[in-house]
Amino acid sequence: MSSKVLTKPLGDVPVALPPLQRVTLTINGAEKQLEVAPWTSLLDLLREYLDLTGTKKGCDHGQCGACTVLVDGKRINSCLSLAVMQEGKEITTIEGLAKGDQLHPVQEAFIEHDAFQCGYCTPGQICSAVGLINEGHAKTTEDIQELMSGNICRCGAYVGITAAVEQALKVCQSNAQ
Amino acid sequence: MAATTYVGKPISRVDGRAKVTGEAKYAGEFNTAGLVYGYVVSSAITKGKITKIDTSQALSIPGVLQVFTHENAPRPAHFDRSFKDDDAVAGAPLKPLYSPEIGFSMQPIALVVADTFEIARYAASLVEVEYKAEKPETDLTSKPKGHKAPKGKSGFTPPKDRGNAKKAFEMADVQFEAEYVHMPEHHNALEMFSSTVLMDEEGKLKIYDKTQSAFNSQKYITQVFGLSKDEARVVSPFVGGGFGSGLRPQYQLYLAVMAALELKRSVRVTLTRQQMFSLGHRPATLQTVSLGASEAGALQAIKHEALSETSRGEEYTEVIVNWSGSLYQCDNVKLDYYLRNLDVSTPMDMRAPGAATGVLATETAMDELSYKLGMDPLELRLLNYAEVNQLEGKPFSSKALRECYAQGAERFGWSRRNPVPRSTREGTKLIGWGMATGIWDAQQKKAAAKANLSVDGKLVVASGTADIGTGTYTAMSIIAAETLGLPIEAVTFKLGDTTLPEAPLEGGSWTVSSVGTAVQEACEAIGKKLFKLAKKLKDSPLKKAAFEDIAFADGRIQLKGNPSASVSIIETMRQTGINYIEEETTALPNFLKQMKYSRNTHSAVFVEVEVDEDLGQICVRRVVSAIAGGRVINPKTARSQILGGIVWGISMALHEESVLDHDFGRIMNHNLSEYHVPVNADIHDLEVIFVEEHDKIVNPLGAKGLGEIGLVGVAAAVGNAIYHATGKRVRDFPITLDKLL
Ligand code: FES
Ligand code: FES
C-alpha cells in the first residue's frame, strides 16, 4: 500500500522580505538603536545580533523557560516576543545582573547550592527567580516551587534551585529593608 | 588537615561563575562575522520515497544561498565504515541527503542555507516535497517476536545461562511471572543539537559541536569528508546536557560541515526542539520476568526476556537482561534478548542504557514476588543477596549494597512500614512506600592528560574529555590540586578540544575513573620531577628522603613524618632556574588486576508516594537513595548527579513517553509541553546518602563513577510505592493517572 503525500506552502508566497524596522531598547542599562526585521524574536535578537548568548533557546515555543529575561523588571519568555514589540523597554539579561565583579544574590545562591549541572537552563532560572522576587508573591517553599515551574531543568537540579531561590529571596528582602 | 586536601570535600563548581553569568558558551553560541545559517527540512512521512522536491521558491528568497537536497548535495564518502563513529552499532549509519528513500519520521531531507536564521527558516517552509508514502511499522507490541540480539558494541555480550531455569521455575514452590512495557523516551537535553563550523582563510575548520566527545566528532568528520585532523579541529567547552545523546555525532554536524565546505563559508546548523525527536532515543521494550522461589523466599529460578526496537538500518543493543543474572544469588538463570527492526531512527544510549530498562522490570517483579510470599520486599532482597557475581563467576571488587540497604532503610524509616497495601491514608490521599535496588558498571578506559606547572605556581591540566554537567572541570581540578598540594584556585582544567590529549567518550560513568587517573598520573610525574629538583637545593631538608617519604601540601614538598621539614614548590623551581614542568601521560586500566573482579556500583532506593484516591494524581513525596559508588571526589557535584538521576527515575516512572501514531509512524508529542518531564513543583524531598566503599581495584583513585547509578532502580521503587499505596499494579510505564482509575 502506498499513497501520495504533498507538502507545500499554504497560499501565495510573499517573496519580498519585510523591511527592517527601527527599534530603541535599553539592554542591561545601555540604550541601543537597532534595525531589525519584524519577524526577529527578542531571543534571536539577543543571541544572533547582539552576541548576548547568555540567554538560551531550549524550545522557541514558550515551553521551557530557558529564554527568560526581564522586561521592565518582569520575567518573560523572550522567544515569544518579537523584538519590535519591546520599543522603549528596559531589558535585563543574565549578562546584566551582576554589578561588576559582584554577583547578584540569586547568582551567588545558585553557585552555593549547586543549583545546576549543565548550566543551560541556568540563565533562565536565575532571571525567572529575580522576576519572582520582584513579584513578591512567594511566601513558602511550595510557592517558590510552583512559581519556578515555568523553567524546565532537564538535569533535574530542582532541589538546589529551590534552596537557592529561597536563600536569595531572604537576602533580597533583608537588603530591601 | 592540610589546606590543599580537596578530595571528599564539597567544592563549588569551578565553572559555576561562567554558568551563572552567561559567559559559558555552548556550541551554537560562537558568533563570527559572515556566519550563515542552515535550517533543516524534515521528512513529513515515515516510510517511502521522495518523488519530487522543488526548491525554486525557497531559492528565490533574497538571502538564501543554497538549498541542499539528495539531488544536489555532495556524497563525500561511499562506504558505511566511513560513517562509523566510536559509538556506532552494527549496520549502516544514516547518510544525510544521499538518497530519496525515507526510513524514519522527520528524517532530514534538505538543508536551507541563508544569511540569517529567520530567512533560512522561512525558506525551509517553501520547499515543496512530493512523496510516495508506504505504511510504516512502528509498533513494537503488534507482533511480539524479533531476532536474537547480536553481540554488539559497548559491552553487550549475550549473557550465559546457568543451571536449568525452565525446570527450576516449574518446580518452585512459588512462581511469579509478568510482562512489563515501556515506550520510547527521548533525551531532550535542554540545549538543542548545534554545530558552528568556522572556516579560516586556508579553508581549515574549527567546529564547535555539541558532543560528549570532541574526538568522536572529529573522527567522523575526517573519515567522511577526507579531511586531516589539522583541517577539522573540534571544540566543545560546554555541553547543555547529553544523557548519552551526544555519544554519536548527530546529523546537524554532518550538514553544517557539508555546507561549509561546499559554500566556503562559516555555517551554523541548530536543530529545533521538534527535530530533537528525530534522533536516537531509549528504545521501547517489552519484557517478561519469571521468578521462582522457595516458600522461605530463596530464589530458585530467574528468567528474563526482553524485546527491544531498533531501526531498519542499524542493530542497536544495550545491556538489558544481563543485570538479572548479577543482582541476586540464584543458580538457575535464563536471559534472552531480542530485537525487532522498525521504521524508527536508530535508538541510542540514554542515561543508564539497558539498566534503567532491565532493572525496572526485575525490581518490580521482585516486589510482586515479595507480596506473593508475604515477605517484606527488603527482607526478600537481603535473603537473596549476591556475595559474588554469578553471571561473571567473579567476586565483586567491592560491594557495600548491604550498607546501602541498612542506611537507606534507617533514614527512610522503613521498619515502620505497614506491609498491607492500601493501608495508609491521609484524608483522600493514599500513602505508599516502596523500594528497589540499583546496579551499574564501574569501568575504566584508556585516557591521556597533560599538566603544566609554571614557576608562578599556576597549574594547567588538560584532557580532551567533556563536562556535560557532570562536574568534570571541578573533579579534575580537585584531583590535580590535591596531587600537587596546590590551592585549587591555582589550577585551570581544559577539556573539549581535539588539540588536547585524547580522552574516551564521556559516558558510561567512566570519566572520573579514566580521565581522573590520567590527571593524577600526569601530576604525579610533575611531582617526581619537583622532588628531584628539591633534593638538589642547597641545605635541602629532603636530601635523604625517598619519594615515598614525602607529601605535597600547601604549596610545599614536605616530609611525611615531619611537615616542618619542607621546601616551597615555587622556590624550588625558582632556585633551580626552571620556568615550567610539563608532563603528559596515558593511563591504562590495570587489566590483569581488574579482570579477576566484577566491578559495579550499587544503590538502594526508598520512595514514598501519595495518590489521590479519586483523581489518581500521583506525587512522589520523599526519596532516599543510598549509593555505593566508591570514593566520592566531590560530594557537592556528586550529590547533584544523584539528585538528577532520581528526577530522571521519577520521570521514567510517571512522565516520559514519546507517543506514536502508528498509522503514520509519527511522534505526536514532539515538544516540551506534551512530552512531559518533571518541573520544579513535581520534585519534593530527595535525600542522597553516600555509603563508604573502599576499592583499590577499580582504579588508583577508588572512584567508581556516578552518572548512571542515581537513576537505576528509582522508577521501580516509585511503581512499587504506588502499588503499596493503591493495591493496583501498573506494569505499563509511565504510570499515568488514567491507569490508576
Ligand atoms: S526557548 Fe523560550 S520558552 Fe523555551
Ligand atoms: S542545569 Fe542542565 S538543564 Fe538545568
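Note that this is a predicted model, so its numbers are computed, not measured. No hydrogens, no waters, no symmetry mates; every other heavy atom, side chains included, goes into these values. Every chain is numbered from 1, with letters handed out A, B, ... down the list of sequences.
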Top of [options] for chain B proximity - count of heavy-atom pairs under 4.5 angstrom:
{"options": "A:Ala37, A:Pro123, A:Cys121, A:Ser149", "value": "A:Ser149"}
{"options": "A:Thr93, A:Asn151, A:Leu147, A:Leu103", "value": "A:Leu103"}
{"options": "A:Lys4, A:Gln63, A:Arg47", "value": "A:Gln63"}

Original post:
Checking B:Gln107 side chain against B:Glu101 main chain: does a donor-acceptor pair fall under 3.5 Å?
Top reply: yes
Original post:
Looking just at side-chain N and O atoms, do A:Thr26 and A:Glu90 make a donor-acceptor pair shorter than 3.5 Å?
Top reply: no
Subject >> Donor-acceptor side-chain pairing of B:Arg13 and B:Asn634 below 3.5 angstrom >> reply: no
Only heavy atoms, only distances under 4.5 angstrom. Which residues in [range] are near chain B?
{"range": "residues 139-146 of chain A", "result": "A:Gln145, A:Glu146"}
{"range": "residues 64-89 of chain A", "result": "A:Cys64, A:Ala66"}
{"range": "residues 54-62 of chain A", "result": "A:Gly54, A:Lys56, A:Lys57, A:Gly58, A:Cys59, A:Asp60, A:His61"}

Tell me, out of [options], who's got the most heavy-atom pairs with chain A below 4.5 Å.
{"options": "B:Lys47, B:Arg351, B:Lys132, B:Arg121", "answer": "B:Lys132"}
{"options": "B:Thr470, B:Thr21, B:Asp15, B:Asp685", "answer": "B:Thr21"}
{"options": "B:Ile119, B:Asp54, B:Asp467", "answer": "B:Ile119"}

Subject >> Between B:Phe117 and A:Tyr49, ring centroids under 6.0 Å >> reply: no
Subject >> Intermediate values then yes/no, salt bridge (charged side-chain N to carboxylate O under 4.0 Å, His left out), B:Asp343 and B:Lys135 >> reply: CA-CA 10 Å; B:Asp343 300 306; B:Lys135 172 113 176 69; over 6 Å; no
Interchain contact, [X] with chain A, by part (heavy-atom threshold 4.5 Å):
{"X": "B:His684", "answer": "both"}
{"X": "B:Arg639", "answer": "side chain"}
{"X": "B:Val239", "answer": "backbone"}

Subject >> Residues forming a ring pair (Phe, Tyr, Trp, His ring centres under 6.0 Å) with B:Phe277, sequence neighbours excluded >> reply: B:His186, B:Tyr675
Original post:
What part of A:Leu97 lies closer than 4.5 angstrom to a heavy atom of chain B: side chain, backbone, both or neither?
Top reply: neither
Original post:
Using non-hydrogen atoms only, which part of A:Asp114 is less than 4.5 Å away from chain B: side chain, backbone, both, or neither?
Top reply: both
How long is the span from the [atom1] atom in [X] to the [atom2] atom in [Y], to the nearest 0.5 Å?
{"X": "B:Ser43", "Y": "B:Tyr131", "atom1": "OG", "atom2": "OH", "result": "4.0 Å"}
{"X": "A:Thr162", "Y": "A:Gln167", "atom1": "OG1", "atom2": "CD", "result": "13.0 Å"}
{"X": "B:Glu23", "Y": "B:Lys25", "atom1": "CD", "atom2": "NZ", "result": "10.0 Å"}

Original post:
Would A:Arg154 and B:Glu656 pass as an ion pair if we require N to O under 4.0 Å?
Top reply: yes
